[in-house]
Amino acid sequence: MTRRVAIVGIDGAGKSSVMARLRELAPAGDPDAFAAMTCPDFHHTRDVPLTELSTQLKAFSVGCDEISSLEMKATAMYLQMTLFGPVERHFLDTWSPDVLVFERHPLIELQVYGPLYVALAGPDWNGHDREHEIAAVLERHRPGTFDDILAWQHSQAARLGSARDIWSLLSEIADLVGRDITASVAGFAARFRTTLPDAVLWLDVPPEQAAVRCALRSGEGMEEAHETAERLALLREGYLRVRDTLASAFPEIGFHRIDTADGVDLDESVRACVREGKLFG
């Protein structure tokens with residue numbers, strides 16, 4: 001039975017670095033011991049399905065930043081997450097690793113990011129008012145992308161029996177994040193075709209440090225819409241809230257904190273978490 005582990009945390013928390021440390025700690029000489037997948041940029045993982053659509057959805061997300069639309073950004077983020085289930089199933093069916101590590105997990109992230117984007121979106125927002133802007137951006141960078149994204153959304157709507165209109169997704173997200181944790185997780189689980197992981201590794205870093213890291217990584221003026229210190233602080237509070245609600249509603253899921261602040265011995269922090277969470281063996 002594969003143990004499924006999610007690495008979560010605000011942008012700039014060090015998810016890629018921790019993923020690399022975990023790979024080093026996996027049992028040597030056993031290729032079936034450890035596998036990892038990146039979410040929501042699934043195309044950054046080798047040999048997975050839907051890489052072209054993942055690339056297109058990433059372009060959609062970046063385009064939303066370019067036109068400064070938080071509402072569209074929330075829609076793009078949600079649609080990226082809808083690829084999670086098919087990619088996860090591919091890993092489990094093809095390799096059946098002892099441990100499968102996710103860089104982010106939709107059932108955790110939507111509990112954290114969903115309320116922020118819903119709160120930032122205006123009550124009178126109508127995506128059709130700006131649809132031509134995002135379509136023009138995508139056509140300039142990747143012709144045909146918006147049509148392919150609409151086709152994917154329509155297929156998901158048919159599977160779920162929900163509205164085909166892509167701009168109604170934000171209200172659907174708002175409805176789900178507004179429910180109690182059990183109902184919310186169940187609703188998103190059906191949409192993303194997955195279940196909660198067996199363990200969550202939460203990378204905790206001061207938001208001010210994370211914002212600096214994001215700026216250095218992306219280049220001046222290229223940060224994503226939520227990568228300000230103020231919004232990262234709100235997201236950190238979201239992870240604290242989710243930790244508490246998961247402990248109450250789903251006590252079987254291990255939720256472990258790894259300190260990734262500047263100056264912390266990251267190797268030792270990860271090793272301690274691996275021992276505490278019994279991730280290998």
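The structure displayed is predicted, hence computed values, not measured ones.
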Asks: Any carboxylate oxygen within less than 4.0 angstrom of a Lys/Arg side-chain nitrogen, looking at D262 and R213?
Replies: yes
Asks: If you measure from CD on E133 to OG on S68, what distance do you get to the nearest 0.5 Å?
Replies: 9.5 Å
Asks: List the atom of P40, the atom of S54, and the distance in Å for their closest heavy-atom pair.
Replies: O-OG, 3.9 Å
Asks: Measuring from T194:OG1 to F84:CZ, what's the distance to the nearest 0.5 Å?
Replies: 4.5 Å
Asks: Working note: E66 + R140, criterion salt bridge (Lys or Arg N to Asp or Glu O under 4.0 Å); need CA distance, chi angles, decisive distance, verdict.
Replies: CA-CA 12 Å; E66 185 173 327; R140 186 165 67 250; 2.8 Å; yes
Asks: Would R191 and M81 count as a side-chain contact (heavy atoms from CB on, under 4.5 Å) here? Give the steps.
Replies: CA-CA 9 Å; R191 289 166 176 266; M81 295 293 192; over 6 Å; no
Asks: Spell out, yes or no, whether V137 and V62 are grouped together once hydrophobic residues are joined by side-chain heavy atoms under 4.5 Å, including indirect joins.
Replies: no
Asks: Mark yes or no for whether D180, through its side chain, and A183, through its backbone, hold a donor-acceptor pair below 3.5 Å.
Replies: yes
Asks: A side-chain contact here means heavy atoms from C-beta on lying under 4.5 Å apart; do T260 and K15 qualify?
Replies: no
Asks: Please round to the nearest 0.5 Å and tell me the distance separating atom CG of L196 and atom CZ of R4.
Replies: 8.0 Å
Asks: Work out which heavy atom in D129 is nearest to a heavy atom in H132; give both atom names and the distance.
Replies: O-CE1, 3.5 Å
Asks: So does R193 pair up with E88, basic N to acidic O under 4.0 Å?
Replies: no
Asks: Side-chain polar contacts of residues 263-275 - donor-acceptor pairs under 3.5 angstrom, sequence neighbours left out - could you list them?
Replies:
{"residue": "D265", "atom": "OD1", "partner": "D267", "partner atom": "N", "Å": "3.3"}
{"residue": "D265", "atom": "OD1", "partner": "E268", "partner atom": "N", "Å": "3.2"}
{"residue": "D267", "atom": "OD1", "partner": "R21", "partner atom": "NE", "Å": "2.7"}
{"residue": "E268", "atom": "OE2", "partner": "R275", "partner atom": "NH2", "Å": "3.0"}
{"residue": "S269", "atom": "OG", "partner": "D265", "partner atom": "O", "Å": "3.3"}

Asks: Would you call R130-E71 a salt bridge at under 4.0 Å N-O?
Replies: no
Asks: Could you check whether any side-chain heavy atom of L138 comes within less than 4.5 Å of a side-chain heavy atom of F60, counting everything from C-beta outward?
Replies: yes
Asks: Any ion pair linking D198 and R3 (charged N to carboxylate O, less than 4.0 Å)?
Replies: no
Asks: Determine the minimum heavy-atom distance between R236 and I10, stating which atoms define it.
Replies: N-CG2, 3.7 Å
Asks: Any luck finding a side-chain donor-acceptor pair between S184 and Q111 under 3.5 Å?
Replies: yes
Asks: For A211 and T228, work out which heavy atoms get closest and say how close.
Replies: CB-C, 4.4 Å
Asks: Can you label the angle between the Y78 ring and the F188 ring as parallel, tilted or perpendicular, going by 30° and 60°?
Replies: tilted
Asks: Is it possible for you to say whether V8 and I181 belong to one hydrophobic cluster, with membership spreading through side-chain heavy-atom contacts below 4.5 Å?
Replies: yes
Asks: Apply side-chain contact (heavy atoms from CB on, under 4.5 Å) to the pair F146 and L150, showing each step before the final yes or no.
Replies: CA-CA 6 Å; F146 195 55; L150 289 176; 3.8 Å; yes
Asks: Within the 4.5 Å heavy-atom criterion, are V212 and E208 side-chain neighbours or not?
Replies: no
Asks: Return the minimal non-hydrogen interatomic distance between A190 and R159, and the atom names on each side.
Replies: O-NH1, 3.1 Å
Asks: Treating K73 as the side-chain partner and D65 as the backbone partner, does any N or O pair qualify as donor plus acceptor under 3.5 Å?
Replies: no
Asks: Give a yes or no on whether the backbone of H128 and the side-chain of N126 come within a donor-acceptor separation of less than 3.5 Å.
Replies: yes
Asks: Hey, are R104 and E109 close enough for a salt bridge, meaning a charged N less than 4.0 Å from a carboxylate O?
Replies: yes
Asks: Using the rule given for side-chain contact (heavy atoms from CB on, under 4.5 Å), can you reason through V185 versus F250, listing the C-alpha separation, both sets of side-chain angles and the distance that settles it, and then say yes or no?
Replies: CA-CA 10 Å; V185 166; F250 303 97; 4.2 Å; yes
Asks: What distance separates I108 CD1 from C39 SG, expressed to the nearest 0.5 Å?
Replies: 11.5 Å
Asks: Is there a donor-acceptor pair under 3.5 Å between the side chain of T145 and the backbone N or O of Q56?
Replies: no
Asks: Quick one: does H105's side chain have a donor or acceptor within less than 3.5 Å of a partner on T195's backbone?
Replies: yes
Asks: State, yes or no, whether a side-chain contact exists between D259 and D204 at a heavy-atom distance under 4.5 Å.
Replies: no
Asks: Centre-to-centre under 6.0 Å for F255 and Y239, is that the case here?
Replies: no
Asks: How close do S248 and P251 get, heavy atom to heavy atom, and via which atoms?
Replies: O-CD, 3.9 Å
Asks: For residues 46-53, which side-chain N or O atoms pair as donor and acceptor with protein atoms under 3.5 Å away, sequence neighbours left out?
Replies:
{"residue": "E52", "atom": "OE1", "partner": "R142", "partner atom": "NH2", "Å": "3.3"}
{"residue": "E52", "atom": "OE2", "partner": "R142", "partner atom": "NH2", "Å": "2.4"}

Asks: Show your working on side-chain contact (heavy atoms from CB on, under 4.5 Å) between T2 and F91 and close with a plain yes or no.
Replies: CA-CA 10 Å; T2 298; F91 267 94; over 6 Å; no
Asks: Scan the side chains in residues 94-102 for donor-acceptor partners under 3.5 Å anywhere in the protein, sequence neighbours excluded, and list what turns up.
Replies:
{"residue": "T94", "atom": "OG1", "partner": "H90", "partner atom": "O", "Å": "2.7"}
{"residue": "S96", "atom": "OG", "partner": "L92", "partner atom": "O", "Å": "2.8"}

Asks: Which distance, rounded to the nearest 0.5 Å, do you find between the CG of L201 and the CD1 of I258?
Replies: 5.0 Å
Asks: Do T82 and Q156 meet the criterion of a side-chain donor-acceptor pair at a distance under 3.5 Å?
Replies: no
Asks: Any non-hydrogen side-chain atom of I149 less than 4.5 Å from a side-chain atom of L79?
Replies: yes
Asks: Please round to the nearest 0.5 Å and tell me the distance separating atom OG of S61 and atom CE of M77.
Replies: 9.0 Å
Asks: Does a side-chain heavy-atom distance below 4.5 Å link I134 with C64?
Replies: yes
Asks: State whether the side chain of S168 and the backbone N or O of D165 hold a donor-acceptor pair below 3.5 Å, judged by distance alone.
Replies: yes
Asks: Taking side chain as C-beta onward, heavy atoms only, is F192 less than 4.5 Å from L110?
Replies: yes
Asks: Side chains of V200 and V242: does their closest heavy-atom pair fall under 4.5 Å?
Replies: no
